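Reckoned from all heavy atoms, side chains included, excluding hydrogens, waters and symmetry mates. In this text, all values refer to a predicted model and were calculated from it rather than measured experimentally. This chain uses plain numbering: 1 for the first residue, then up along the sequence.
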Amino acid sequence: DEIVGLALENPLVMDRLEPGRSPWNELDQVAQAAARATALVRQLLAFSRRQPLFPRVVCINDTVNNMEKMLQRVIGEPIRGPFALWLGVPHVGVGTTEMFEGFRKRGKVDRRLDELATLIVARHFSAEFAFVTHEKVGVKMGLAPETVEAIRKKEKPDFVKDDEKLVYEVATTLLVTNRLPDALYQRAVDAMGREWLLELVTGMGFFAMIAMTLNAFEMPPESGRKPF
């Protein structure tokens with residue numbers, strides 16, 4: 001009820017004031033907060049339709065805080081990067097977090113190969129935050145440091161493992177040509193399976209979204225090191 005009151009009454013008051021001056025600026029912030037709260041309530045109602053409804057008081061502040069805790073639990077570290085940005089748009093943050101959790105907990109693509117694809121996408125978009133974050137994770141997951149360094153330099157790595165070579169070919173071909181030739185598609189399906197390929201390509205799209213978000217909002221690496 002309070003949100004509805006703010007959404008309806010705030011514009012009426014603002015129309016009588018001069019934009020850009022106090023208290024118009026403060027009311028504008030209230031309007032933006034009400035819009036974010038409305039979007040979050042809409043998301044909560046969508047989830048509630050799947051379960052029996054029991055009347056209870058909902059505190060929006062607690063809900064946003066719970067979302068932050070959920071992100072910390074899924075990511076396993078302090079919230080940063082695109083996830084920190086998405087806290088400002090909970091209706092987007094909830095969906096992206098669920099997709100991220102799906103890749104991490106139920107994915108068929110080996111984490112080592114997932115990190116390889118992520119690094120290739122990050123380098124393609126020159127997303128510094130993403131590359132610096134994932135180069136360490138990639139090595140930890142089993143990628144050779146020489147492989148990571150070659151990707152950083154935009155050079156073709158000298159792969160020892162066939163699955164890494166296949167991921168590199170699929171990723172670079174898609175990023176450069178926006179297509180996957182029939183021969184390469186069939187080779188990937190024969191080697192790893194269609195479901196595996198679908199997940200790999202979807203993951204690339206997910207991290208392309210992350211890379212563009214990081215670049216658009218100019219989020220620098222936390223270490224301050226510029227990788228390229």
Side-chain angles (χ1 to χ4, degrees), residues 70-86 93 96-176 180 184 187-215 219-228:
M70 178 186 70
L71 281 168
Q72 289 176 331
R73 185 170 61 251
V74 172
I75 300 171
E77 57 188 22
I79 300 174
R80 53 201 177 98
F83 294 98
L85 293 171
W86 289 329
T96 52
T97 302
E98 288 181 344
M99 179 174 282
F100 182 83
E101 185 177 18
F103 286 129
R104 285 290 180 264
K105 294 187 176 181
R106 299 184 293 276
K108 290 185 174 294
V109 177
D110 183 84
R111 183 68 184 276
R112 167 178 53 91
L113 300 178
D114 180 60
E115 290 299 328
L116 174 60
T118 298
L119 286 168
I120 294 170
V121 171
R123 186 63 186 97
H124 176 80
F125 286 96
S126 295
E128 296 177 344
F129 183 100
F131 195 91
V132 170
T133 299
H134 286 274
E135 63 180 351
K136 296 178 181 178
V137 179
V139 172
K140 183 179 180 180
M141 291 297 121
L143 293 176
E146 296 80 9
T147 296
V148 176
E149 179 63 12
I151 294 173
R152 186 186 70 82
K153 294 180 178 179
K154 285 196 170 182
E155 299 174 353
K156 183 177 181 179
D158 185 14
F159 291 107
V160 176
K161 299 178 180 179
D162 291 338
D163 56 358
E164 292 182 4
K165 182 178 180 181
L166 178 62
V167 168
Y168 180 84
E169 290 184 42
V170 169
T172 54
T173 300
L174 268 175
L175 289 170
V176 173
L180 204 58
L184 180 55
R187 184 150 57 89
V189 170
D190 291 344
M192 309 299 285
R194 186 177 182 276
E195 189 174 343
W196 177 92
L197 179 61
L198 179 59
E199 185 178 310
L200 175 70
V201 173
T202 304
M204 287 179 56
F206 179 79
F207 280 102
M209 174 186 66
I210 287 179
M212 288 189 286
T213 301
L214 293 170
N215 286 350
M219 182 167 286
E222 290 183 328
S223 64
R225 182 177 72 85
K226 298 184 74 66
F228 25 78

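- Atom-to-atom distance recorded for E149:CD and L143:CG is 13.5 Å, nearest 0.5 angstrom.
- Between atom CG of residue L197 and atom NZ of residue K108 there is a gap of 13.5 Å, rounded to the nearest 0.5 Å.
- A distance of 12.0 Å separates CE in M141 from CG in L113, rounded to the nearest 0.5 Å.
- In this structure, F207 has its ring center no closer than 6.0 Å to that of F125.
- Cation-pi check for R123 over F228 is met; the charged atom lies under 6.0 angstrom from the ring centroid and within 45 degrees of its normal.
- Heavy atoms only, all atoms of each residue included: L200 and A117 are closest at CD1-CB, 3.9 Å.
- Residue D190 places its CG atom among more than 12 non-hydrogen atoms of other residues, nucleotides or ligands, all under 6.0 Å distant.
- Here the shortest heavy-atom pairing between D114 and V109 reads N-CG1, 3.8 Å.
- Taking CG of D110 as the reference point, atom CD of E115 lies at 10.0 Å (rounded to 0.5 Å).
- The two residues S126 and N215 come nearest to each other via the heavy atoms O-OD1, 3.7 Å.
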Can you check side-chain contact (heavy atoms from CB on, under 4.5 Å) on F159 and L116, steps first, answer last? CA-CA 12 Å; F159 291 107; L116 174 60; 4.2 Å; yes
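- Taking OG1 of T202 as the start and CE of M99 as the end, the distance is 7.0 Å to the nearest 0.5 Å.
- Here the CG-OG1 distance, from L119 to T147, works out to 10.0 Å after rounding to the nearest 0.5 Å.
- In M209, the CE atom is crowded: over 12 heavy atoms of neighbouring residues, nucleotides or ligands sit closer than 6.0 Å.
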Test side-chain contact (heavy atoms from CB on, under 4.5 Å) applied to R112 and K161, step by step: CA-CA 11 Å; R112 167 178 53 91; K161 299 178 180 179; 3.6 Å; yes
